[in-house]
Amino acid sequence: MGDFEKKWYVVRAAGGKEKKAKELIENEIKVLGLGHLVSQVLIPTEKIFQVKNGKKVSSERILYPGYIMLEAHLTGELQHIIRNITHVSGFLTEKDSKDGKDKKPVPLRQA
């Protein structure tokens with residue numbers, strides 16, 4: 001059942017709502033039983049250190065604000081479900097040169 005080839009896709013989310021969108025995506029996948037199609041949902045972050053009041057404090061900063069990474073075997077059904085989640089505006093896609101409309105989501109390259 002989990003023998004699908006999974007690739008990484010970029011999901012566009014509302015700025016500042018990445019964590020909420022990630023929670024909603026994970027919840028929807030769990031409720032609909034689509035866990036076999038999705039491996040991971042990530043928000044790329046980096047740890048930064050700052051000095052506040054003489055103490056070194058660490059916090060996380062989102063590397064790509066407004067974007068969530070999704071490792072999945074993207075079916076038409078899964079694509080439709082994710083696009084219709086609150087705070088999600090769609091996938092990173094190629095534009096069709098003829099009519100300017102979005103085409104299917106483009107997976108990230110291995111590099």
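Rounding to the nearest 0.5 Å places CG of L63 at 6.5 Å from OG1 of T45. Summarising the geometry, atom CD1 belonging to I85 is positioned 10.5 Å from atom NE2 belonging to H80; distances are rounded to the nearest 0.5 Å. Note that the CD1 atom of I29 and the CD1 atom of I81 stand 8.5 Å from one another [nearest 0.5 Å]. Residue L34 holds its CG atom at 8.5 Å from CD1 of I82, rounded to the nearest 0.5 Å. A distance of 9.0 Å separates CD of E28 from OG1 of T86, quoted to the nearest 0.5 Å. S59 OG to Q50 CD: the interatomic distance, rounded to the nearest 0.5 Å, is 5.0 Å.
Side-chain contact between L42 and W8: present, with at least one pair of heavy atoms (C-beta onward) separated by less than 4.5 Å. Contact annotation: the side chain of K19 approaches that of I43 to within less than 4.5 Å [non-hydrogen atoms, C-beta and beyond]. Looking only at side-chain heavy atoms (C-beta outward), V51 and V57 stay at 4.5 Å or farther from each other. Using a 4.5 Å heavy-atom threshold, the side chains of L108 and M69 count as touching. Taking the side chain as every heavy atom from C-beta outward, L74 and F91 approach each other to under 4.5 Å.
With hydrogens and angles ignored, the 3.5 Å screen pairs a side-chain donor or acceptor of E18 with a backbone N or O of G66. In this structure, the side chain of R12 does not engage the main chain of Y67 through any donor-acceptor pair within 3.5 Å. Without hydrogens or angle criteria, N27 side chain to E23 main chain gives no donor-acceptor distance under 3.5 Å.
Side chain to side chain, K6 and S39 meet the donor-acceptor criterion of an N or O pair below 3.5 Å.
With respect to R61 and E46, a salt bridge is recorded, a charged nitrogen being found less than 4.0 Å from a carboxylate O.
The shortest non-hydrogen separation linking R83 to T93 is NH2-CG2, 3.9 Å. The heavy-atom pair separating A21 from A13 by the smallest distance is CB-CB, 4.1 Å.
No continuous path of hydrophobic side-chain contacts links L24 to V10 [ILVMFWY only; heavy atoms under 4.5 Å]. Hydrophobic clustering (ILVMFWY, side-chain heavy atoms < 4.5 Å, transitive): L32 and L70 are in one cluster.
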Report the C-alpha separation of T75 and H73 in whole Å, then their side-chain angles, then the decisive distance to 0.1 Å, and conclude whether the side chain to side chain contact (heavy atoms under 4.5 Å, CB included) test is met. CA-CA 6 Å; T75 62; H73 173 72; 3.7 Å; yes
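Within 6.0 Å of CD in E77 there are 12 or fewer heavy atoms belonging to other residues, nucleotides or ligands.
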